[in-house]
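These notes concern the structure reproduced below.
Computed from a prediction, not measured in an experiment: that's the story for all the values here. We use all heavy atoms of the structure for the numbers below, so side chains are in, but hydrogens, waters and symmetry mates are not.
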Amino acid sequence: MIARRRRTNSGSDNKQPNLSFQGPSSGIYQAGNQEKNYTSPPPPVAVSQSDPDMTCRDRSNEFMSAVKLLQSRQQGNGVAHRQNRALQQRSEFTQIARHIGRDLANTYTKLEKLTILAKRKSLFDDKPIEIQELTYIIKQDIKSLNDKIAQLQTLAKSQKTHNGHHQHLQTHSNSVVVALQSKLASMSNDFKQVLEVRTENLKHQKNRRDHFSQSVASTPTLPPSALQGHTGSVLLQDEANHTGDFSIDMDALSRGRTQQQLELVDEQDAYIQGRAETMQSIETTIVELGSIFQQLAHMVKEQEEMVQRQLQLSSGKLARFADGAAVAKLDDTSVLVTAVSKTRSSQFSFFPLTVDFRQKAAAAGRIPMNFFRRELGPTETEILTSRMIDRSLRPMFPEGYLNETQLVCNVLAMDGLNDPDIVSINAASAALSVSDIPWDGPVGAVRVGLVDREVIVNPTRKQLQHSTLDLVITAAANRKVVMLEGVGDAVFLHDLAKAISKGVSEAQAIVQGILQLQKQIGRPKRSYDSPAVVNPEVAEAVKSLCTSRIREVFYDDRHDKISRDVAIQDIKASAIEELKGSFPDCKEDLIGEAIHRHVKEIFRSLILDEERRCDGRTLQQLRDISCQVDLFQPLHGSALFQRGQTQVMCTVTYDSPEAAMRLDPISVLTGNIKEKNFMLHYEFPPYATNETGRPGAVGRREFGHGSSSMASVCGGSLALMDAGVRISEAAAGVAVGLVTRTDPGTRNITKYKLLTDLLGIEDYMGDMDFKMAGTRSGITALQVDFKLPGVPLEIVSKALEQGFVGINHILDIMDKTISKPREEIKHCGPVIEKLSIEAQDRSKFFGVGGHNLRKLRSETGVTVTPVDDVSFQLFAPNSEAMDEAREMIDEFLADEVPELEFGAIYKGKIVEIRDIGVMVELHPKLAPVLLHNSQVDQRKVHHASALGLEVGQEITVKYFGRDPVSGRMRISRKALLAPATTIIRNLGSPS
């Protein structure tokens, strides 16, 4: 790294020098009044293809425009960006590319001119000086272009040297450079061939022309008069088509053609054919050159996107009283993370780390839509994000550090394109790195997607809509995986492994950038009180007293979860009682801790050295599995999945579209969906583990996690198929564990074993909980928790393969119970129908104030949901309810009144006088119709009372049908004040 000092004007009277550094990353940090910049390397960007019909000149213009745009963006990135070495290289790359584009455009113009001259010059022109000069100039241009392309290639190679993140650009640049060199060399040869062939053949043609004239003149069979008008008539006639064909006076030749004349014509035809092929080669080169402009434009666009999308970190400006604070910014999404840790160790036996992620509505420019219009408790999304951040950071804390620590993540701004979760992880990593809190980080986090089986790093929200994978990867130095969490659409194992490897590689640049940040302004790590060390004599006494008894418990595979735990607790209690007398000065909790460590050591040794699990299974063997469906007839779908002693009962419930969960504006902005019509509620009651507790509110553990979560995947899939839900494939889940032996000095893994279908005690005693779900086609979800500070990619890949084998085995067992969704919903299942109501009948269907709809729902349980202006969806809990609802709807829409005839005149009774008109009842079963003031009389009427109209009075009106928009009936009294020509009808009379 190279450090440089620079001065900037911050607008303050106390101006101090700022320190920035060059390297693969830069950023903004500040300690006191000193500010530093860190920018992570940008992710690869997919570039769309240009129009294939574009000409070479159009592509060169496109290339030049892209170069100018990139140059303007780079000039506006500020002093910090120009100081960055990687950005300086990209700027130099852009300048050379711009020069190449300009020179290529000029060369293309000269090439056009040369082509025109080569095609239109007469074959008998003995002065091809203009063509020679132009060809020489183009040769010099090609030489200059080759030199600049060599510089471009050197810079492209250096991209990988200074920043491994740009390997894709280096490869792409090399391919473009090689293509340029090849095409320009071909162009140079074509020009040389055009010059040589043309110069030689022009001389040869002149000699042949003279010889041809002499031979024709000496031919006895050809009269001299026949030569008039024909001598020297061999000309290039078809200049418009550029075909180079000769036109010869066949009449003159037919009277006396010699063998020499025939040979001459053959030579001329061969020359013209060679010339046409040469010009065609030049034209082909011009077309192929256009693709090079397109590739160069793509390179410049990639550079422009890389300059634009950068992760920036700042520290020292906000939250200065915290032990550590950092603000991370990706595009326009910013997150502030603070880290505070108490100076005294807690009394807990575990590390009390708390992570609170808050996604405020103000960050998205919205106001909370609850009653109080302010932020309330954490949402489900905030809890899940907090857990993900926790799993990314917890493994990196040193063993024995038990001080209470809290991280608070506040989303400051959201741009709607980038999810703040990975930004929060990187900000938390930076905050802990620059603080004095003991931590073995940093870590870096990225999100990866798969579009057309191509990996995209940090995709935007729009790109995720087309991605089959949404995976968050947290990695430490040396390409070690710390955390994985994501969902996918049956992603192949090969593609998933490729995405994980790519994400880990990209995270390395972020790790290196934070290390430089820590080196520049990080505080020295504080010392802390390590847990009390057990006396070696006590440890030896524990081993001699408990080893055989503990091994006996773990060798007895007749034990279940409860009996095994009870047996271990009995050994622990009796050992403590015996050792208290021998070591009265040793605290009881220290003796218990020594026993616990020894139990863990024996448990792990049996797996690592003997490949023996406590329940007698092999390392890849599943527990006994049983499945049942259709447990309770009234339920829409139900299933019981049991694996070992773990039981999961799943039920499926259908409901109307109105029951869909409407998401808040922030969730809509970050999650791409406005409502959820599929919801999974996971519950973990206390009795499931023989404990007492208070059921009710959902705990943080039950949001997206649980000891039986993989069994819930299997049971949920069975219940969905039992309910007749049209799922594409059945899904199953399994947990894979890891037990390792590490080097005490380096903490590197020296030996490991993977365990399929993890037990609770294996999760507690082991080093990894790799939960994965999928179908026979691929992986659909995964979540990985590590207790180690990073695991190599090799172990992660093997865990994926081993887990996928277990998933397929479970699916084989599930298929024996139910292999596909039911063809029809159960008789107790819901019924959905579509109903069309004309506009004029809506009032009868709804009833006064929606009375009919409320009555329909309360008496039958049927819910009515509007689809469009005339269509409604009826959702009934069962077929009997739907039948009853149909009868009620028929009653609502019963048509016992005669149809009104357009243009007919009816007598009605005034039932109400309003300010805007009078309400006229035309029939007892028809709703009163408004006769507007404008239709009461020929004169302008402000109120009906002015004409002496009263309630109960009969009046005559003319019917003009219904309004096409509102469906209301239209009547008029004014139309009848003209001479009447229609029969008056009274709906009340029998006639």
Side-chain angles (χ1 to χ4, degrees), residues 556-565 613-653 680-691 702 705-725 727-737 755-763 769-776 779-781 802-823 826 828:
D556 188 358
D557 53 18
R558 295 173 299 175
H559 281 298
D560 57 20
K561 172 182 173 60
I562 302 299
S563 63
R564 187 184 300 110
D565 292 345
R613 303 171 73 170
C614 60
D615 58 355
R617 290 182 294 149
T618 62
L619 300 184
Q620 300 184 18
Q621 185 178 354
L622 299 172
R623 289 171 284 175
D624 294 335
I625 296 176
S626 63
C627 308
Q628 289 181 331
V629 296
D630 198 14
L631 301 176
F632 304 99
Q633 296 299 323
L635 299 179
H636 298 162
S638 59
L640 176 65
F641 181 85
Q642 181 167 346
R643 181 160 49 193
Q645 290 185 284
T646 299
Q647 287 183 324
V648 172
M649 194 186 86
C650 297
T651 62
V652 174
T653 303
L680 174 64
H681 294 163
Y682 176 84
E683 298 178 1
F684 195 86
Y687 60 80
T689 54
N690 193 30
E691 297 176 354
E702 294 175 288
H705 176 70
S707 300
S708 57
S709 56
M710 293 299 98
S712 299
V713 174
C714 304
S717 179
L718 292 170
L720 288 171
M721 291 189 290
D722 181 56
V725 179
I727 59 176
S728 57
E729 289 183 277
V734 70
V736 178
L755 312 176
T756 301
D757 191 11
L758 204 59
L759 284 174
I761 189 173
E762 292 171 339
D763 181 15
D769 183 8
F770 197 136
K771 299 182 180 69
M772 56 186 300
T775 65
R776 297 188 187 277
I779 302 301
T780 57
Q802 189 166 321
F804 192 64
V805 172
I807 287 175
N808 282 274
H809 190 187
I810 297 171
L811 289 173
D812 292 337
I813 300 174
M814 293 169 54
D815 286 346
K816 297 177 181 179
T817 302
I818 182 171
S819 60
K820 61 180 181 179
R822 295 182 183 273
E823 295 296 334
K826 299 179 182 179
C828 62

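Side-chain contact between V629 and M721: absent, with no pair of heavy atoms (C-beta onward) separated by less than 4.5 Å. Looking only at side-chain heavy atoms (C-beta outward), V734 and M710 stay at 4.5 Å or farther from each other. Side-chain contact between P821 and V725 is absent, with no heavy-atom pair separated by less than 4.5 Å. Side-chain contact between C614 and H559 is absent, with no heavy atoms from C-beta onward closer than 4.5 Å. Counting heavy atoms from C-beta outward, L755 and R617 have side chains that stay 4.5 Å or more apart.
Taking each heavy atom of C650 and S712 in turn, the nearest pair found is SG-O, 4.0 Å. For the residue pair T775 and A730, the shortest heavy atom distance occurs at CG2-O, 3.3 Å. Contact detail for I779 and M772: the closest heavy-atom pair is CD1-CE, 3.3 Å. G737 and L758 get closest at one heavy-atom pair: CA-CD1, 3.4 Å. Between L811 and A732, the closest heavy-atom pair is CD2-CB, 3.7 Å. Nearest heavy-atom pair across R613 and T618 is NH1-O, 3.0 Å.
Partners of H809 under the ring-ring contact (aromatic ring centres under 6.0 Å, His included) rule, at least two apart in sequence or in another chain, do not exist in this structure. Taking Q802 as the reference, Q620, L754, T756 meet the side chain to side chain contact (heavy atoms under 4.5 Å, CB included) condition, with sequence neighbours excluded. Considering only residues two or more places apart in sequence or on other chains, E823 meets the salt bridge (charged side-chain N to carboxylate O under 4.0 Å, His left out) condition with K820. Judged as a side chain to side chain contact (heavy atoms under 4.5 Å, CB included), and not counting sequence neighbours, the contacts of T689 are F684, E691. Every side chain to side chain contact (heavy atoms under 4.5 Å, CB included) that E683 has, sequence neighbours left out, goes to E702. Remark: D815 engages R776 in a salt bridge (charged side-chain N to carboxylate O under 4.0 Å, His left out) (not counting sequence neighbours). For D565, the side chain to side chain donor-acceptor pair (under 3.5 Å) test picks out no residue, with sequence neighbours left out. Residues that satisfy the side chain to side chain contact (heavy atoms under 4.5 Å, CB included) test with D560, not counting sequence neighbours, are I562, S563, Q645. Under the rule for a side chain to side chain donor-acceptor pair (under 3.5 Å), R564 has no partner lying at least two apart in sequence or in another chain. Shown here are the side chain to side chain donor-acceptor pair (under 3.5 Å) partners of Q647, two or more places apart in sequence or in another chain: Q642.
Distance CZ/R623 to CG/L759: 5.0 Å, rounded to 0.5 Å. Atom CG of D722 and atom CD1 of I818 lie 5.5 Å apart (nearest 0.5 Å). With rounding to the nearest 0.5 angstrom, the SG atom of C714 is 9.5 Å from the CD1 atom of I813. Atom CE of M649 sits about 13.5 Å away from atom CG of L718, to the nearest 0.5 Å.
Within the structure, the salt bridge (charged side-chain N to carboxylate O under 4.0 Å, His left out) test picks out the following pairs touching residues 634-647 (sequence neighbours left out): R643-D757. Within the structure, the side chain to side chain donor-acceptor pair (under 3.5 Å) test picks out the following pairs touching residues 626-638 (sequence neighbours left out): D630-K826.
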(request) Show the numbers, then the answer: is there a side-chain contact (heavy atoms from CB on, under 4.5 Å) between F641 and V713? (result) CA-CA 10 Å; F641 181 85; V713 174; over 6 Å; no
